[in-house]
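Single-structure report; data block below.
Both ligands and their constituent atoms are indexed starting at 1 by order of listing. The figures that follow rest on heavy atoms only: side chains count, while hydrogens, waters and symmetry mates do not.
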Amino acid sequence: MRERAMKFGTKAIHAGVEADPATGAIMTPIYQTSTYAQTAPGVHKGYEYSRTHNPTRTALQNALAALENGKHGLCFSSGMASIDAIVKLLKPGDEVVSTNDLYGGTYRLFTKVYAEFGIVFRFVDMGDMANVSAAINDKTKLIWAETPTNPLLKIIDIAALAALAEKHKCLLGVDNTFASPFLQNPMDLGADIVMHSVTKYLGGHSDVVMGALVVKDDALHERLAFIQNSCGAIPGPQDCFLVLRGLKTLHLRMQRHSENGKVIAEWLVKHPKVDKVYWPGFPSHPNHVVAKKQMRDFGGMMSFTLKGDDMADATKFLSTTKVFTLAESLGGVESLSGHPASMTHASIPREERLKNGLADTLIRLSVGLEDAEDLIEDLEQALG
Ligand code: P1T
């Protein structure tokens, strides 16, 4: 199939997937096998051992590569395992310039695991490219950006970062988890590596933990595939099947996430008890122009604070919603609420969080696919 020429919805349904050569099955079978018969030593059908290759995983990797307009996909056992593989491209003494607003687990991996191995991480506000330029030196090997950022929904100009990465001959990796490939394709803007916590919008149903990388460059793919196989943090075929199934509705889900997100953000901002609302779709959002330039829509993630900034009020709200479930994670069909300071971002020291604008009282919403009227009614009663 001519995957590159297809539109997004057609790709979401068909990319990477071919009728099973053995039976004609339309859906890629779950190849629940660890190994493959060889007719003589080294004579096989391209599959030797499932840590290295598995047909269900291959179909998913190809689908993700097509959805991100890349060439190669690589799946990992979690989003963190996929970021871990990227850091393993580096060696002691190398430096990374990263967004200062980012998933707490990524911050933890950088500062608590890899800093110990002599890799230096510099966290900057990437809203101003001058901050990025100032942090780059001849040891910088990787620029790491999340956009939209978790949890403050800042938008980073990917094309501007790509220009800096090219000038300084370092890699640009973009965590595209919050946007999904439906809303944004960092590779088209010059990123070298696109990363996803597949756990979120790609899986879409809160039933799988998985990560993925997409690249274009053959040598970079070869090195990352070597790391994937050597370190072994691969997902099993059942999970790959579930994500292949989830992808088939990615475009429909993202449209509805974005529609519901807009309704909820615009409702929240008018509510007398709500103080700040962080959502890139507002013309008043500091990076709205960049968001409009590089995203197709604004998605269903947002954060907000309550007037008075009182922790007891935030706790009460989070404990009172009935349709929104208080839980870690995001991007599933069901709406979730979260408290970054004590949940997803607890591993970032409090002073760091406050310095970067992440208030103790911040509430994060992952707006799902329910009827917007029911979501608003739920928020209304919880705020009341
Ligand atoms: O959970 P895992 O699949 O390992 O993915 C890690 C990860 C990476 N990048 C971003 C932007 C993420 O949001 C996450 C995981 N985040 C949550 C669990 C959360 O609730 O924010």
Side-chain angles (χ1 to χ4, degrees), residues 60 64 74-87 96 98-114 123 126 144-156 158 173-181 183-184 186 191 193-214 228 231 233-236 239-240 242-243 246 257 278 280 295 299-303 318 324-332 334-348 353 356 358 362-368:
L60 176 59
L64 294 177
L74 291 161
C75 289
F76 294 83
S77 53
S78 68
M80 289 323 304
S82 64
I83 301 175
D84 179 73
I86 298 176
V87 187
V96 179
S98 165
T99 28
N100 62 353
D101 189 47
L102 77 171
Y103 173 54
T106 308
Y107 180 90
R108 179 174 57 199
L109 179 75
F110 288 173
T111 59
K112 300 273 169 38
V113 179
Y114 280 106
F123 298 92
M126 293 191 172
W144 180 254
E146 237 181 67
T147 181
T149 62
N150 182 359
L152 289 174
L153 283 298
K154 292 183 186 174
I155 306 294
I156 316 293
I158 299 171
V174 176
D175 183 335
N176 204 25
T177 299
F178 265 38
S180 91
L183 296 182
Q184 170 176 286
I193 308 173
V194 178
M195 175 266 156
H196 281 280
S197 168
V198 175
T199 317
K200 313 298 187 304
Y201 289 109
L202 296 178
H205 296 74
S206 306
D207 50 11
V208 171
V209 173
M210 194 190 295
L213 302 179
V214 174
Q228 182 196 39
C231 302
I234 47 106
D239 283 356
C240 292
L242 284 171
V243 176
H257 280 298
Y278 301 82
M295 297 176 74
M301 291 303 299
M302 66 197 63
S303 294
L318 287 162
F324 281 84
T325 304
L326 176 60
E328 306 235 359
S329 205
L330 58 110
E334 67 292 306
S335 291
L336 299 181
S337 62
H339 178 236
S342 70
M343 296 165 70
T344 49
H345 293 71
S347 50
I348 303 180
R353 289 199 308 262
N356 298 333
L358 200 175
L362 190 81
I363 294 166
R364 191 187 74 181
L365 298 181
S366 170
V367 177

For this session: Would you mind telling me if ligand 1 is within reach of the side chain of Met301, the backbone, both or neither, using heavy atoms under 4.0 Å?
Result: neither

Exercise. Relative to ligand 1, is Met210 under 4.0 angstrom through side chain, backbone, both or neither, heavy atoms considered?
Worked result: backbone

[atom2] on [Y] to [atom1] on [X], rounded to 0.5 Å:
X      : Y      : atom1 : atom2 : result
Trp144 : Ile193 : CH2   : CD1   : 7.5 Å
Asp175 : Ser82  : CG    : OG    : 7.5 Å
Ile158 : Gln184 : CD1   : CD    : 3.5 Å
Asp239 : Ser77  : CG    : OG    : 10.0 Å
Ser347 : Leu109 : OG    : CG    : 10.5 Å

Exercise. Looking at residues at least two apart in the chain, or sitting in another chain, which of them share a ring pair (Phe, Tyr, Trp, His ring centres under 6.0 Å) with Tyr278?
Worked result: none

[atom]: nearest protein contact (heavy atom, Å):
atom                    : result
atom 19 (C) of ligand 1 : Thr344 CG2, 3.3 Å
atom 14 (C) of ligand 1 : Tyr103 CD2, 3.4 Å
atom 3 (O) of ligand 1  : Thr199 OG1, 2.6 Å

Problem set entry | Glu146 neighbourhood, listing ligand 1 atoms whose heavy-atom distance to it stays under 4.0 Å | 11 (C)

Problem set entry | Under 3.5 Å donor-acceptor, Ser366 side chain and Leu330 backbone | no

For this session: Examine distances only and state if a side-chain atom of Thr99 and a backbone atom of Ala145 form a donor-acceptor pair shorter than 3.5 Å.
Result: no

Using a 3.5 Å cut-off on N or O atoms only, is [X] in polar contact with ligand 1?
X      : value
Ile83  : no
Asp175 : yes
Asn150 : yes
Met195 : no
Glu328 : no
Thr106 : no
Ser197 : yes

Strictly under 4.0 Å, does any heavy atom of [X] approach an atom of ligand 1?
X      : answer
Lys200 : yes
His345 : no
His196 : no
Ser329 : yes

Taking distance alone, no hydrogens or angles, what donor-acceptor pairs closer than 3.5 Å link side-chain atoms of residues 194-213 to residues at least two apart or in another chain?
| from | atom 1 | to | atom 2 | distance (Å) |
| --- | --- | --- | --- | --- |
| His196 | NE2 | Glu68 | OE2 | 2.6 |
| Ser197 | OG | Thr199 | OG1 | 3.2 |
| Ser197 | OG | Lys200 | NZ | 3.0 |
| Thr199 | OG1 | Met210 | N | 3.1 |
| Thr199 | OG1 | Met210 | O | 3.2 |
| His205 | ND1 | Gly203 | O | 2.9 |
| Ser206 | OG | Glu334 | OE2 | 2.6 |

Exercise. With a 4.5 Å limit on heavy-atom distance, are the side chains of Asn150 and His345 in contact?
Worked result: yes

Seminar exercise, completed: On a heavy-atom basis, the closest approach of Phe178 and Pro148 is CB-O, 3.6 Å

